[in-house]
Every structure is written in C-alpha cells, then in structure tokens.
Amino acid sequence: MAHPKIRQRIILTGPPGSGKSSLLEALNQKGYSTFEEISRKIIRKEQASRSSYTPWQDVHRFCLNVFYHMKKEIQESLFIPLAFHDRGIPDLYALLDKSGYMLPRVMKNYPNHFVYSREVFVFPPWREIYTHDPQRKESFQES
C-alpha cells in the first residue's frame, strides 16, 4: 500500500466487455475507493436527450464532455490515498487517435503523469463475457 501522504489513482483499462467494471465492483465491495466508467453514464444521458454527442456520432465532442467529467472525478479523488478508476483520460486519447482526430489543446496539456499512478491494469479482450447493449454498440472485433 502507498505511503499515507501519497495519493494513487490507478486506471483499469482495456476494451469494452473485458471485466473492468466487474473487478471495480469487487474492489468497491472490499472497501476500496472506486470510480465507475464515466463514458457509459454520459452515453446514457446523451441517448435520453437524443443528443448526437456520442462516440459513434460526434466522438470529438463526446471526448471533450467525458474529459471535463473525468477532471471533476479526479478532483473528488485528490484526498483519497488509493482510488481505482474505470478508464482514465489517456483512454480518450486512444479513442480520438483511433477516430482520426487531433488531440484538443486542453487535453494535450493535461498533466496525466502527475494525476495517475504509473501502474495501469490493462485488461485483454474477453469474448466469453462480451455483450452488446445500448451503450456498447461496437462488435467484439471492433472493441
């Protein structure tokens, strides 16, 4: 465990449907501080309002929206000695790159190396548990 004065924010990352949320829930039940995936919450909200700010309609605006919510989440975790996050800001960089977008300046200048722990848990694709739902539209292959 980290020194009491050191704050660690650890990212759980990987493709959709790879078990990140399940592990996060188990960590939460063990008493660890956890933060659910913001992207899915935002997608549900955007779908409910019939907005086009979703990853499959306007990935650029979607990523900016998620970025600002993640920054707020990070502020909330500043005084927690150890927190686990279902995805992090670097995941947005990958989505933008995959979609052919340049990184917005506000994201490019964000100090991820000071915010997140160097240790990142990367989950591999897991076909047996992958499922589609209204917020997860990509095929297993695309994920």
Side-chain angles (χ1 to χ4, degrees), residues 1-99 101 103-140 142-143:
M1 184 114 160
H3 185 277
K5 293 185 180 180
I6 297 174
R7 308 296 188 243
Q8 290 189 326
R9 284 172 295 285
I10 298 174
I11 298 173
L12 307 181
T13 192
S18 59
K20 298 178 303 295
S21 297
S22 297
L23 177 59
L24 198 75
E25 186 176 323
L27 288 167
N28 187 270
Q29 289 177 3
K30 293 280 187 186
Y32 290 97
S33 295
T34 60
F35 292 85
E36 295 177 42
E37 184 179 4
I38 292 172
S39 299
R40 289 179 68 82
K41 292 178 190 177
I42 290 175
I43 292 170
R44 281 192 293 270
K45 180 182 172 208
E46 297 300 321
Q47 287 174 324
S49 67
R50 299 184 186 268
S51 166
S52 64
Y53 298 168
T54 61
W56 49 88
Q57 290 175 293
D58 190 340
V59 70
H60 185 263
R61 285 186 186 241
F62 170 76
C63 285
L64 283 171
N65 191 5
V66 173
F67 172 74
Y68 289 116
H69 280 81
M70 284 183 170
K71 279 180 51 178
K72 182 179 176 191
E73 178 180 272
I74 289 164
Q75 289 292 339
E76 293 172 8
S77 72
L78 283 179
F79 299 103
I80 299 170
L82 178 61
F84 293 89
H85 297 259
D86 190 339
R87 298 198 183 276
I89 291 172
D91 286 279
L92 298 174
Y93 300 171
L95 179 56
L96 286 165
D97 183 61
K98 176 186 169 219
S99 303
Y101 284 92
L103 199 58
R105 183 175 303 170
V106 67
M107 293 171 78
K108 188 183 290 188
N109 295 330
Y110 195 74
N112 287 301
H113 56 289
F114 291 119
V115 172
Y116 295 111
S117 173
R118 289 182 183 203
E119 289 79 24
V120 175
F121 290 91
V122 181
F123 289 63
W126 192 350
R127 184 179 298 275
E128 292 77 15
I129 67 168
Y130 182 83
T131 59
H132 284 278
D133 62 33
Q135 292 77 47
R136 186 182 294 146
K137 293 188 174 200
E138 62 268 281
S139 69
F140 175 77
E142 292 169 322
S143 74

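Start at 1 with the first residue, then count along the sequence.
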- The reported gap from CG in Asp86 to OG in Ser39 (rounded to nearest 0.5 angstrom) is 8.5 Å
- Item | For the student: nearest non-hydrogen atoms of Leu92 and Cys63, plus distance | CD1-O, 3.6 Å
- Item | Heavy-atom closest contact (Tyr116 atom, Gly88 atom, distance) | OH-CA, 3.5 Å
- Query: When His85 is tested against each of Lys20, Glu37, Glu36, Glu73 for side-chain hydrogen bond (donor to acceptor under 3.5 Å, both in side chains), which residue passes?
  - Reply: Glu73
- Task: Count the heavy atoms of every other residue, nucleotide or ligand shown that sit under 6.0 Å from CD of Glu76, and state whether that count exceeds 12.
- Result: yes
- Task: Might you work through the side-chain hydrogen bond (donor to acceptor under 3.5 Å, both in side chains) test for Ser52 and Asp58, ending with a clear yes or no?
- Result: CA-CA 6 Å; Ser52 64; Asp58 190 340; 4.9 Å; no
- Item | Aromatic plane relationship, Phe84 with Phe121 - under 30° parallel, 30 to 60° tilted, over 60° perpendicular | tilted
- Item | Point-to-point distance, once rounded to the nearest 0.5 Å, from CD1 of Ile10 to CG of Leu27 | 9.0 Å
- Query: If we only count heavy atoms from C-beta on, is the Tyr110 to Ile74 side-chain gap below 4.5 Å?
  - Reply: yes
- Knowing that exactly one of Pro15, Pro16, Ser18 qualifies, which makes a side-chain contact (heavy atoms from CB on, under 4.5 Å) with Pro125? Pro15
- Message: Within the 4.5 Å heavy-atom criterion, are Leu95 and Val66 side-chain neighbours or not?
- Response: no
- Spacing of Arg118 atom CZ and Asn112 atom CG [to the nearest 0.5 Å]: 13.0 Å
- Query: Under the side chain to side chain contact (heavy atoms under 4.5 Å, CB included) criterion, do Tyr53 and Leu64 qualify, and how do the steps go?
  - Reply: CA-CA 10 Å; Tyr53 298 168; Leu64 283 171; over 6 Å; no
- With no hydrogens and no angle check, is any side-chain donor or acceptor of Ser99 less than 3.5 Å from a backbone partner on Tyr101? no
- Message: As an exercise, state the distance from CG of Leu23 to OH of Tyr32, rounded to the nearest 0.5 Å.
- Response: 10.5 Å
- Please check if the side chain of Arg87 supplies one atom and the backbone of Gly14 the other of a donor-acceptor pair under 3.5 Å. yes
- Item | Arg9 and Phe35, any side-chain heavy atoms less than 4.5 Å apart | no
- Task: Look at atom NZ of Lys41 and say whether more than 12 heavy atoms of other residues, nucleotides or ligands are closer to it than 6.0 Å.
- Result: yes
- Task: Could you tell me which non-hydrogen atom of Val59 sits nearest to which non-hydrogen atom of Leu96, and how far apart they are?
- Result: O-CD2, 4.3 Å
- Query: Do Pro104 and His60 have side chains that get closer than 4.5 Å, going by heavy atoms?
  - Reply: yes
- Gap separating the NZ atom of Lys72 from the CD1 atom of Ile38, nearest 0.5 angstrom: 9.5 Å
- Decide yes or no for Leu82 and Gln8: does some side-chain heavy atom of the first lie under 4.5 Å from some side-chain heavy atom of the second? yes
- Item | Close side-chain approach of Ser21 to Arg40, heavy-atom, < 4.5 Å | no
- Message: Distance check, rounded to the nearest 0.5 Å: Gln29 atom CD versus Leu24 atom CG?
- Response: 10.5 Å
- Task: Flag the pair Ile89 / Val115 as yes when at least one side-chain heavy-atom distance between them is below 4.5 Å, and no otherwise.
- Result: no
